[in-house]
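Order of listing sets the numbers, starting from 1, for every ligand and every atom in it.
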Amino acid sequence: MNKLDGSARIGFIGAGKVGGSLGVAMAQAGYSVVAVASRTAASAAAFAARIDGCQAYGGYQDALDACDMVFVTTSDDAIADVVASVRWRAGQGVAHCSGAASLDVLQAAARQGAVAGAFHPLQAFSSVENGIKSIPGITFGIEGGIEGGGEMREYLAKLARDIGGNAVFLKAEDKALYHLSGVMMGNLLTCLVGISAEIWEHIGYTRDDGVRALVPMMRAVAQNIETSGIPAAVAGPYPRGDLGTVRKHIDNLQARHPALLPLYRELALAGLHLAVEQGLTDEGAGEFRDILTKADTEADDMDRQDEEGTIV
Ligand SMILES: NC(=O)c1ccc[n+]([C@@H]2O[C@H](COP(=O)([O-])OP(=O)(O)OC[C@H]3O[C@@H](n4cnc5c(N)ncnc54)[C@H](OP(=O)(O)O)[C@@H]3O)[C@@H](O)[C@H]2O)c1
């Protein structure tokens, strides 16, 4: 492998949110980010403008010829084609930042002797500006190929730490589960916020009102989790054993927002063991399980009765 240490010349193909954020973070940490190419010249130029000494190239080949280590930060679907469209040097480093793909998408480069890796930032990047700020403290999921994989893993782990993050090493077969945990947090949690805020539309307010009301709570929840951990941060009627409160939730969902009942029920059931870890008795958990599971039947009954027109 050639010069995969702090002095390696780094390039990016794909000048979007992740590439742009990592490029700046690496340059700020003292790494030499020297080249970028993208699908459009404008994106590559914007990337290069943020980093002293970085040149935007019109072609991928010219960009990667100028580097020892190339990060392919295109959309997931474009990685394999982009990698296959260029010539790689033996010992050159190549990594992608996808959480869903493994190293197979870099096969074309590995066949030519390049050393393959994956460097997935476990974070939601919505823009370069926010992305740069959101890197400190995050975790990078790292893989290294068979040839030179050890050196690549070490290089990427040091890089992760140097830009303020942490490193975890992943096996190819674990990648999808690892990625799914991040999607549940970054993507599905955001959906849960949207869905929770939409409940406010049923009580005379807007979704935005709901978001405004719920975000301070979200911040406190994140802080509680950070400081107290799981299960201590799990609060509410479940660890308290407040069966009557949950019965009211179910009644109101059935009467006023039945579409939400399956989600509420499955989330509550899936997290019940955390309430037990918090001190809820097995008997209390059984009672919750009973009314939540029964809510299914009652909802079905209600649907049936609705269809038959027996309930208004
Ligand atoms: N966003 C996240 O939250 C996140 C988090 C972790 C990992 N990732 C991973 O990071 C990678 C990049 O994602 P992103 O969110 O940064 O996407 P993005 O903002 O859409 O950027 C992708 C960039 O790739 C370029 N591109 C697309 N197709 C291309 C092609 N055929 N050839 C060359 N460049 C091409 C686009 O270039 P132009 O602008 O020039 O058109 C675009 O700037 C993906 O592998 C993704 O899975 C994303």
So which heavy atom in the protein is nearest [atom], and how far is it from that ligand atom?
atom: atom 28 (N) of ligand 1; result: Arg39 NH1, 3.4 Å
atom: atom 16 (O) of ligand 1; result: Val18 N, 2.8 Å
atom: atom 33 (C) of ligand 1; result: Tyr60 OH, 2.7 Å
atom: atom 7 (C) of ligand 1; result: Cys97 O, 3.2 Å
atom: atom 20 (O) of ligand 1; result: Lys17 NZ, 4.0 Å
atom: atom 24 (O) of ligand 1; result: Thr74 CA, 3.2 Å
atom: atom 37 (O) of ligand 1; result: Ser38 OG, 3.0 Å
atom: atom 3 (O) of ligand 1; result: Phe125 N, 2.8 Å

At a non-hydrogen distance cut-off of under 4.0 Å, which region of [X] contacts ligand 1 (side chain, backbone, both, or neither)?
X: Thr40; value: both
X: Ser98; value: both
X: Ser75; value: both

Which of the atoms of ligand 1 are close to [X], meaning less than 4.0 Å from one of its heavy atoms?
X: Ala15; value: 43 (O)
X: Gln123; value: 3 (O), 5 (C), 6 (C)
X: Ala124; value: 3 (O)
X: Ser43; value: 38 (P), 39 (O), 40 (O)
X: Asp76; value: 44 (C), 45 (O), 46 (C), 47 (O)
X: Ala78; value: 28 (N), 29 (C), 30 (C), 31 (N)

Salt bridge or not for Asp290 and Lys294, using N-O below 4.0 Å?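 Salt bridge between Asp290 and Lys294, a charged N being under 4.0 Å from a carboxylate O: no.
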Check this for me, if you would: do Asp251 and Lys248 make a salt bridge, where the nitrogen-to-carboxylate-oxygen distance has to be below 4.0 angstrom?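 Result for this pair is no, no salt bridge flagged.
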Taking distance alone, with no angle check, do Gly16 and ligand 1 share an N/O pair under 3.5 Å? yes
I'd like to know whether CG of Asp52 has more than 12 heavy-atom contacts from other residues, nucleotides or ligands below 6.0 angstrom.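 Atom CG in Asp52 is not crowded, with 12 or fewer foreign heavy atoms closer than 6.0 Å.
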In terms of the angle between their ring planes, are His120 and His179 parallel, tilted or perpendicular, with boundaries placed at 30° and 60°?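 His120 and His179: perpendicular rings.
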Whether His120 lies under 4.0 Å from ligand 1, heavy atom: yes
Test your reading of the model: is there a side-chain donor-acceptor pair from [X] to the backbone of [Y], 3.5 Å cut-off?
X: Gln92; Y: Asp68; value: no
X: Glu143; Y: Ser102; value: no
X: Arg50; Y: Gly20; value: no

With heavy-atom distances below 4.5 Å as the criterion, would you say the side chains of His257 and Tyr264 are in contact?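 Of all side-chain heavy-atom pairs linking Tyr264 with His257, none is under 4.5 Å.
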Please name the residue in the list Ile10, Ile51, Asp162 that meets the side-chain contact (heavy atoms from CB on, under 4.5 Å) test with Met26.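 Testing Met26 for a side-chain contact (heavy atoms from CB on, under 4.5 Å) against Ile10, Ile51, Asp162 leaves exactly one candidate, Ile10.
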Quick check: is [Y] connected to [X] through a chain of hydrophobic side chains (ILVMFWY, heavy atoms under 4.5 Å apart)?
X: Leu103; Y: Ile13; result: yes
X: Leu263; Y: Met184; result: no
X: Val83; Y: Phe119; result: no

